[in-house]
Enquirer: 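Quick one: structure below, then a few questions.
Hydrogens, waters and symmetry mates are skipped; everything else that's a heavy atom, side chains included, is used. Lettering follows sequence order; numbering is per chain, from 1. Worth saying up front: this structure is predicted, and the values here are computed from it rather than measured.
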Amino acid sequence: MSTPQDALAQLNPPQREAVTTLRGPILVLAGAGTGKTRVITYRLAELIRSGIRPDRILSVAFTNKASREMRQRTADLLGRRLPAKPLISTFHALCVRILRREIALLGYPTTFAIYDRGDQESVARTALRDIRVSEKSMTPGDLLARISRWKTAAVLPEHAADHVENDLDFLASVAYRKYQSRLRATGALDFDDLLLLTMQLFYEQPAALERQQQLFDHVQIDEYQDTNGIQFQLIEALVRPHRNLLVVGDDDQSIYGWRGAEVTHILNFQHHFPEAKVVRLEDNYRCTDRILAVANQLVQYNQGRHEKTLRAHKQATSNVRMLEFPDELSEAESIVGEIRQLHEQGGVPARKFALLFRTNEQPRLFETELRRASLKYTLIGTQSFFDRREIRDLLAYLRAISNPQDEHSLLRIINTPSRGIGDSTVQKLLERAVKQGRPLQHVVNEAADDGLITRRAEAAINSFYELLQKYRDRLQADPKNMAHTVRKLIEEIYYESEICKQYKAPDQQLARSAMLEQFVDSVQEYVDRTTSPTTTDFLDETALEGPAGTSEKDDKLADDAIKLMTIHSAKGLEFPRVYLVGLEDGLLPHQRSIDADSTDSIAEERRLAYVAITRAEDHLTVSRAATRMKWGKRRATKASRFLYEMFDDYVPDPDLVEQAMQNEMQTIIGRRR
DNA sequence: AAGGAGGGTTTTTTT
DNA sequence: AACCCTCCTT
């Protein structure tokens, strides 16, 4: 292990300049593979060595994975001799930390829950139903996108009507108010609220801001190009007393525009901090010259970028390959076949391979093939875990238990598994409760007295509330035993038999039950590594980081496996051998961006391709399928426009569609899987 | 109130 | 192909 002094000697001059500039604002414009993260970790070490207390340095990473990695690298660099831990966090986790302490100042309950995408969608759905907008004209997804745009621009519900450009915007502004008041009544915040309310807190409560300002002397931000307006304002407020702020970013890698990040923020930095020192990192140590050449050639097609000249420091031993297949099955078979050969005969460790794709639906076939080939792989991305109905149900139980105000979660599970509380009963109660402005529970008995609901339903509801109360008490009394309590809960509500009823196929039943086990395990894992566990804290962590257990332990376990992930999740990572699949118009660039018909949206897709390409250290293979199943039908695809930009001499193979039809025939007569 | 059949809809990316 | 919603039967 190297000492920090030795480490400094390993840096090139601009890196060293960034690392040793310990005061004032710095903007590091860093290309792909130029050691961005290294600058942040080494500077962290430098700051500590210069006598700054570690816990007075805040480093912000973009994802939880990135912050874990930063923590790891810092520990490697400094050893364990630190008197205190530096704070390494994501924006959202930082805001939760602040809000849990200070949110009462804004009149919110400190017991707030964090609603993830799925919950947001169902709140959006009810909000739309309330204002009787036909769902055809606006889907929950559309509404959420608009709300998110407003929130990241700090537009509160009551002012949304001033930011309306058409009828749909207007409906959305009405729905936004409904959506927000539902969240508020539930005692829940969505992801954007975490940032928005923290900002509101800083504006309205100077004392709270001051408390936070006094915690840190230095702030560093990674992946600055993906920072949105609110995030910038939060940071600006935090560093106001000392202006010791370092940001690192690359405008060519801005891929979160759809979430409010704007390339202009990285330019605005010098506007907000005129005295900022600007450092450029242009020496790429990651990719071979050929890979870098392809990446550069592609990204040249984007207008208005920070022109920079990335210098490759590595000679290629092989060319960038482009492979074409008749259909997506051949694509998966061939690529997995090749990986298998390289791994089993060539002795290339599994960890050196990464498969990158644009959408979450693409990996399915690859997974099947990898399993058939008995290759170890990990699918990175939290989505799949949360999309399971069982997990969502259990989380809803925990939320309803931990926060009696959370009627939204309660309604999700009030009759899951079915316990004799039907839809009409719930509707009638809800109507009455809303009319009287009282909690659901308080109107149950009266409603039964008035004959609105049956005595039978009344009894079922009351015993349901008793169940919740019982587990509320248990979890509070003995939080260390949380996993056991959750298991008892699953038994008591007969969730397993619900699964049996819903899924007839035995392998499905097994898989679904396994999810329950996994959930209990993740609770146990949380309890084991936390000194004073609480249900609320578990729910926070789960909302922010995905299921516990995808963290350190799993990282190590998954280390020696082939990595499958979306390009978005691959940001900041690197792999010796990268396969970038599905280079088709409609997929990359995605159809939605093509439909948007703006150069901006295509430019972002191009940057996405750029990010994907620059993940590769030594070998890069890009591929496409000439036909693909869509909505249950096989259709010919169009080669991605980016292929023509990347390779001067690219011409699509004209025979592949014909070949795909022959494959299709063989599938039908059963000679092919 | 529960469960099943049938019909319509859906697909970006993530904290 | 997977999911949700609605309607129908029990």
Side-chain angles (χ1 to χ4, degrees), chain A residues 60-67 89-96 114-118 120-122 125 129 135-136 139-142 144-145 148 151-152 189-196 223 226-228 230-231 254-261 356-362 364-365 380-383 386-389 415-427 453-454 456-457 460 498 501-504 508 540-546 565-571 582 586-596 601 604-605 607-609 611-612 628-633:
Chain A
V60 182
F62 197 71
T63 64
N64 298 293
K65 198 173 162 46
S67 49
S89 168
T90 62
F91 273 108
H92 288 82
L94 178 70
C95 289
V96 172
I114 303 163
Y115 271 18
D116 64 35
R117 173 73 197 195
Q120 288 171 37
E121 240 167 62
S122 73
R125 208 183 303 270
R129 201 165 305 160
E135 295 205 12
K136 267 220 172 80
T139 64
D142 287 340
L144 286 177
S148 180
K151 285 189 176 177
T152 45
L189 307 186
D190 67 15
F191 278 107
D192 292 324
D193 285 341
L194 296 175
L195 303 175
L196 193 55
E223 307 286 8
D226 292 322
T227 300
N228 68 31
I230 290 197
Q231 291 167 331
S254 162
I255 55 175
Y256 282 91
W258 49 277
R259 230 173 64 184
L356 305 184
F357 29 75
R358 176 66 175 85
T359 69
N360 278 312
E361 140 221 61
Q362 282 170 275
R364 300 175 87 106
L365 267 180
I380 296 176
T382 54
Q383 220 63 7
F386 279 115
D387 281 349
R388 318 267 172 175
R389 181 203 303 259
N415 203 30
T416 313
S418 49
R419 48 172 74 86
I421 308 170
D423 287 343
S424 66
T425 302
V426 173
Q427 274 319 310
I453 63 170
T454 63
R456 198 187 226 180
E498 170 76 6
K501 251 186 273 172
Q502 231 151 45
Y503 303 95
K504 281 158 211 154
Q508 279 251 341
D540 278 0
E541 270 199 21
T542 312
L544 291 173
E545 305 190 20
M565 66 189 98
T566 62
I567 303 170
H568 283 89
S569 353
K571 194 180 61 154
L587 222 40
L588 184 62
H590 195 272
Q591 193 59 44
R592 300 277 276 237
S593 311
I594 297 173
D595 292 343
S601 62
E604 180 151 318
E605 297 284 311
R607 289 193 293 270
L608 210 42
V611 168
R628 200 174 278 273
M629 279 292 227
K630 207 178 179 186
W631 292 311
K633 274 206 182 113

Enquirer: Check whether A/S89 reaches the backbone of A/L94 with its side chain - one donor and one acceptor, N or O, closer than 3.5 Å.
Expert: yes
Enquirer: Is A/R419 touching bases, backbone alone, or none of the nucleic acid, heavy atoms closer than 4.0 Å?
Expert: sugar-phosphate
Enquirer: If only side-chain N and O atoms of A/R358 are considered, is one of them under 4.0 Å from the OP1 or OP2 phosphate oxygen of B/dT12?
Expert: no
Enquirer: Can you check the A/L587 CG to B/dT13 P distance for me, whole Å?
Expert: 10 Å
Enquirer: Please state whether the base of B/dT12 and the side chain of A/H590 form at least one donor-acceptor pair under 3.5 Å?
Expert: no
Enquirer: Which distance, rounded to the nearest 0.5 Å, do you find between the CD1 of A/I114 and the CD of A/E541?
Expert: 10.0 Å
Enquirer: Answer yes or no for this row: A/W258 ring on B/dT13 base, centroids under 5.5 Å, planes under 30°.
Expert: yes
Enquirer: Of the candidate nucleotides B/dT14, B/dA1, B/dT15, which contains the atom at the shortest distance from the side chain of A/N64?
Expert: B/dT15
Enquirer: Figure out the CD/C1' separation between A/E605 and B/dT11, and round it to whole Å.
Expert: 14 Å
Enquirer: Does a side-chain N or O from A/N360 land closer than 4.0 Å to OP1 or OP2 of B/dT14, or not?
Expert: yes
Enquirer: Think A/T566 has a side-chain N or O under 4.0 angstrom from the OP1 or OP2 of B/dT12?
Expert: no
Enquirer: Using only side-chain N and O atoms of A/S569, determine if any of them is under 4.0 Å from OP1 or OP2 of B/dT13.
Expert: no
Enquirer: Checking A/D226 side chain against A/I255 main chain: does a donor-acceptor pair fall under 3.5 Å?
Expert: yes
Enquirer: Among the candidates B/dA1, C/dC4, B/dT13, find the nucleotide nearest to the side-chain atoms of A/S424.
Expert: B/dA1
Enquirer: Can you tell me if the side-chain N/O atoms of A/S418 get under 4.0 Å from OP1 or OP2 in B/dG3?
Expert: yes
Enquirer: For the pair made of CZ in A/R125 and P in C/dT6, what is the distance, rounded to whole Å?
Expert: 11 Å
Enquirer: Calculate the interatomic distance between A/K571 atom NZ and B/dT12 atom C1'; express it in whole Å.
Expert: 16 Å
Enquirer: Where each residue is assigned the nucleotide of DNA chain B containing its nearest heavy atom, which of A/L544 and A/I421 is assigned the position nearer the 5′ end?
Expert: A/I421
Enquirer: Taking any heavy-atom pair under 4.0 Å as a contact, classify A/Y256: base, sugar-phosphate, or nothing.
Expert: sugar-phosphate
Enquirer: Return the value, rounded to whole Å, for the distance between atom CZ of A/R456 and atom P of B/dA1.
Expert: 10 Å
Enquirer: By side chain to side chain donor-acceptor pair (under 3.5 Å), which residues pair with A/T63, not counting sequence neighbours?
Expert: none
Enquirer: Does a donor on one side chain and an acceptor on the other come within less than 3.5 Å for A/Q591 and A/D595?
Expert: yes
Enquirer: Specify the closest pair of heavy atoms between A/S601 and A/S593, including all atoms of both residues, with the distance to one decimal.
Expert: OG-O, 2.9 Å
Enquirer: Any side-chain N or O of A/T63 less than 4.0 Å from the OP1 or OP2 oxygen of B/dT14?
Expert: no
Enquirer: Name the residue closer to the 5' end of DNA chain B, choosing between A/A93 and A/R592 according to the nucleotide with the nearest heavy atom.
Expert: A/R592
Enquirer: Separation of A/Q362 atom CD from B/dT11 atom P, in whole Å?
Expert: 16 Å
Enquirer: Would you mind classifying the nucleic acid contact of A/N415 as base, sugar-phosphate or nothing, using non-hydrogen atoms under 4.0 angstrom?
Expert: sugar-phosphate
Enquirer: How long is the line joining CG of A/D423 and P of C/dC7, in whole Å?
Expert: 13 Å
Enquirer: Can you find an N or O donor on one side and an acceptor on the other, under 3.5 Å apart, linking the side chain of A/R259 with the base of B/dT14?
Expert: yes
Enquirer: Please give, in whole Å, the distance from B/dT14 C1' to A/F91 CZ?
Expert: 15 Å
